[in-house]
Amino acid sequence: MAGRSPARFLAPLALVVFALALFTVVTKATNDDSGGGSQQTNQPAGATPTPKPGDKSSQGNKKKKAPKTYTVKTGDTPSGIAEKVGVPLDELLQLNPDVDPQALAPGTELKLR
């Protein structure tokens, strides 16, 4: 064994140490992402409280009307547009029979209602 390099023995040891360190880091990161419990609330993310009918802050708020048209942007698809504007895909296609859904061009105006 006089001709063997010490690296031949240290390489497997270094591999095991690296694997343990990686496992520790991944487990720690997974535990940190779980929320910790103290920051969680009972409301779903993005939820806003619903105003009560007699609440003065809800009075005077005018309901916005939905837009009548949508201008196609680069990368838009018919299903994506339908989801964005809240119109069923079938209705969107019925309102725009002259538009080819496979060849939407940016700048095309689509009727929404």
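Residue numbers count from 1 along this sequence. Everything quoted here is computed from the prediction, not taken from an experiment.
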| What pair of heavy atoms forms the shortest contact from Pro88 to Ala82, and how long is it? | C-CB, 4.3 Å

| task | Could you check Val99 against Leu93 for side-chain contact (heavy atoms from CB on, under 4.5 Å), going step by step and ending with a plain yes or no? | result | CA-CA 8 Å; Val99 176; Leu93 294 175; over 6 Å; no

| query | Can you check side-chain contact (heavy atoms from CB on, under 4.5 Å) on Leu110 and Thr69, steps first, answer last? | reply | CA-CA 5 Å; Leu110 298 178; Thr69 62; over 6 Å; no

| note | Going by chain and number, the hydrophobic cluster around Leu20 (ILVMFWY, side chain to side chain under 4.5 Å) further includes Val16

| said: Please enumerate all residues that pass side chain to side chain contact (heavy atoms under 4.5 Å, CB included) together with Ser79, with sequence neighbours excluded. | reply: Thr77, Leu89

| request: Provide the full list of side-chain hydrogen bond (donor to acceptor under 3.5 Å, both in side chains) pairs with a residue in residues 80-101, sequence neighbours left out, each pair given once. | output: Tyr70-Lys84, Asp76-Lys84

| task | Give the C-alpha distance, both sets of side-chain angles, the deciding distance and a yes or no for side-chain contact (heavy atoms from CB on, under 4.5 Å) between Thr108 and Thr71. | result | CA-CA 6 Å; Thr108 305; Thr71 305; over 6 Å; no

